[in-house]
Amino acid sequence: MDPNILVDRILKIKTTDHSKIQVWIKRYFYNLGYYSRTEKEVWRDRKGWIDVFAQKGGYTVGIEIDHSSIRLNSIEKLNALKPSLAVFVLKGRTFNWEKTYSRFKLLKVKSLIIHLQSGRYKWIYH
């Protein structure tokens, strides 16, 4: 999977409807030959669900869709899942960069943060 194409494709999403974003991303990965599903269960201190999960061979992608910043709950779920790539899609009109940047240190997996409304994105490598 070319990560730059992934960014380009996700930035083409023109809705803020959570379930429509999930379906669009799930279909994108399915069309690339990945097993993909919405609402994958993951355990950390308690049960949670990843918005979209995709897998091809040993390569996995976990995607959480949040509003204007990365939620601590989303970080915990993706850290527990330990995907090859964690993607945070922020759908809100505004993007709280300060709050989001302050949470980067909590990420324990390679991550991609995408803000749909502004077209901005940031890679975080660990």
Side-chain angles (χ1 to χ4, degrees):
M1 175 187 67
D2 183 339
N4 293 321
I5 292 174
L6 173 62
V7 170
D8 290 342
R9 295 292 192 262
I10 290 177
L11 285 173
K12 290 183 191 290
I13 298 172
K14 298 301 180 200
T15 183
T16 58
D17 181 276
H18 190 93
S19 60
K20 288 181 181 177
I21 294 170
Q22 280 182 299
V23 168
W24 194 98
I25 292 172
K26 178 184 175 228
R27 188 176 321 122
Y28 168 76
F29 280 103
Y30 176 80
N31 289 339
L32 289 176
Y34 283 74
Y35 161 79
S36 62
R37 63 172 292 184
T38 58
E39 304 302 332
K40 173 166 174 55
E41 189 175 298
V42 65
W43 279 90
R44 50 200 198 305
D45 294 340
R46 61 190 187 281
K47 187 175 10 177
W49 292 267
I50 301 295
D51 287 321
V52 181
F53 174 77
Q55 181 175 11
K56 190 174 192 179
Y59 190 81
T60 58
V61 182
I63 297 121
E64 278 290 290
I65 302 163
D66 291 330
H67 193 52
S68 62
S69 65
I70 299 171
R71 294 178 313 128
L72 293 174
N73 188 38
S74 294
I75 292 170
E76 290 173 4
K77 289 188 289 185
L78 286 172
N79 281 342
L81 182 67
K82 295 181 178 90
S84 306
L85 175 62
V87 180
F88 298 88
V89 176
L90 302 175
K91 62 182 181 171
R93 177 168 287 170
T94 59
F95 187 179
N96 190 334
W97 280 105
E98 184 176 319
K99 190 175 193 178
T100 297
Y101 281 138
S102 72
R103 294 181 175 173
F104 284 174
K105 65 184 175 288
L106 303 172
L107 297 169
K108 301 198 181 328
V109 294
K110 179 180 175 184
S111 301
L112 169 62
I113 293 90
I114 299 174
H115 181 236
L116 293 178
Q117 302 296 321
S118 69
R120 294 174 69 182
Y121 63 93
K122 174 85 175 146
W123 287 96
I124 310 298
Y125 298 96
H126 289 280

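Atom set for the values below is all heavy atoms of this structure, side chains included, hydrogens, waters and symmetry mates excluded.
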side-chain hydrogen bond (donor to acceptor under 3.5 Å, both in side chains) against E41, all qualifying residues, sequence neighbours excluded: W43
Trace of the side-chain contact (heavy atoms from CB on, under 4.5 Å) decision for T38 with V23: CA-CA 8 Å; T38 58; V23 168; 5.5 Å; no
Interatomic spacing from CZ in F104 to CD1 in I75 - rounded to 0.5 Å: 9.0 Å
For P83 against G62, the heavy-atom pair lying closest together: CB-N, 3.7 Å
Nearest non-hydrogen partners of I25 and V89, listed with the distance: CD1-CG2, 4.1 Å
Minimum side-chain heavy-atom gap L116-I21 below 4.5 Å: yes
Test item: S84 side-chain N/O and V61 main-chain N/O as donor-acceptor pair under 3.5 Å: no
CG (N31) with more than 12 external heavy atoms under 6.0 Å: yes
Beyond-backbone contact of L85 with W123, side-chain heavy atoms, under 4.5 angstrom: yes
Non-neighbouring partners of S118 that pass side-chain hydrogen bond (donor to acceptor under 3.5 Å, both in side chains), sequence neighbours left out: H115
Residue pairs involving residues 65-90 (criterion salt bridge (Lys or Arg N to Asp or Glu O under 4.0 Å); sequence neighbours excluded): R44-E76, E64-R71, E64-K77, D66-R71
Which atom of G92 lies closest to which atom of Q117, heavy atoms considered: O-CG, 3.0 Å
Chi angles and distances behind the side-chain contact (heavy atoms from CB on, under 4.5 Å) call for V87, L6: CA-CA 10 Å; V87 180; L6 173 62; 4.3 Å; yes
Validation row: K122, Y101 side chains within 4.5 angstrom (heavy atoms): yes
Identified side-chain contact (heavy atoms from CB on, under 4.5 Å) partner of I124 from the options I113, L112, V109: I113
CZ/F95: more than 12 non-hydrogen atoms of other groups inside 6.0 Å: yes
F88 and T100, any side-chain heavy atoms less than 4.5 Å apart: no
Below 3.5 Å, can you tabulate the donor-acceptor pairs from side chains in residues 48-55 to any protein atom, sequence neighbours excluded?
residue	atom	partner	partner atom	Å
D51	OD1	H18	NE2	3.1
D51	OD2	I65	N	2.7
Q55	NE2	G57	O	3.1

Cluster check L32, Y30: I/L/V/M/F/W/Y, side chain < 4.5 angstrom: no
Residue pairs, two or more places apart or on separate chains, that pass side-chain hydrogen bond (donor to acceptor under 3.5 Å, both in side chains) and touch residues 88-99: none
Selection residues 15-28 - residue pairs positive for salt bridge (Lys or Arg N to Asp or Glu O under 4.0 Å), sequence neighbours left out: none
R9 side chain vs Y28 backbone, donor-acceptor pair below 3.5 Å: no
Joint cluster assignment, V7 & I5, ILVMFWY side-chain distance < 4.5 Å: yes
side-chain contact (heavy atoms from CB on, under 4.5 Å) between F29 and I63, intermediate numbers included: CA-CA 11 Å; F29 280 103; I63 297 121; 3.7 Å; yes
